[in-house]
Amino acid sequence: MPGAGREGRMEELYLSEAVLADPPEADSWLAGVPAVKYLLAHGSLSFHRRVTFLVGENGVGKSTLLEAVAVAAGFPAEGGSRNFSGTGRPDGSDLAGRLRLVRRGY
């Protein structure tokens, strides 16, 4: 679009940060997930536009976090595109509803 700012074109935006906007209750199972503990301690997780790796032991919440980010971005938790409705299975947590995604231009 002529004259449109780069920040305004969705295809030129990338996920730069997932902010924990609504922390879970301290006694909930979600608050005990190590990846969520990280978000509670730091407030957000930054993503770099070239590549971000999620690395950790089994059971630390990598998939929980990735599924929540996908759902918060409008994708099915099990993968696919926005045009794929998926199986309809829930993502297993309410983390997606507690995240605010921040997008930035290139």
Task: side chain to side chain contact (heavy atoms under 4.5 Å, CB included) between V69 and E67, intermediate numbers included - done: CA-CA 5 Å; V69 168; E67 288 175 359; over 6 Å; no
Open item on the list: Please tell me whether L40 and W29 are part of a single hydrophobic cluster in this structure, the criterion being side-chain heavy atoms less than 4.5 Å apart.
Closed with: yes
Open item on the list: Does S44 form a side-chain hydrogen bond (donor to acceptor under 3.5 Å, both in side chains) with E17? I'd like the steps, not just the answer.
Closed with: CA-CA 7 Å; S44 68; E17 190 175 18; 2.6 Å; yes
- [ ] Return the minimal non-hydrogen interatomic distance between V60 and E57, and the atom names on each side.
- [x] CG2-O, 3.1 Å
Task: Spacing of CG belonging to L101 relative to OG belonging to S16, to within rounding of 0.5 Å - done: 9.5 Å
Open item on the list: I need the minimum non-hydrogen distance between A96 and A68, along with the two atoms involved.
Closed with: CB-O, 3.4 Å
Open item on the list: With heavy-atom distances below 4.5 Å as the criterion, would you say the side chains of L45 and L54 are in contact?
Closed with: yes
TODO: Check L39 against L99 and note the closest heavy-atom contact, atom names and distance.
DONE: CD1-CD2, 4.1 Å
Show me the donor-acceptor pairs within less than 3.5 Å that the side chains of residues 18-27 make with the rest of the protein, sequence neighbours left out.
{"residue": "D22", "atom": "OD2", "partner": "R98", "partner atom": "NH1", "Å": "3.3"}

TODO: Verify the cluster assignment for V55 and L66: are they in a single hydrophobic cluster under the rule of side-chain heavy atoms below 4.5 Å apart?
DONE: no
Open item on the list: Is any side-chain heavy atom of R103 closer than 4.5 Å to one of Y14?
Closed with: no
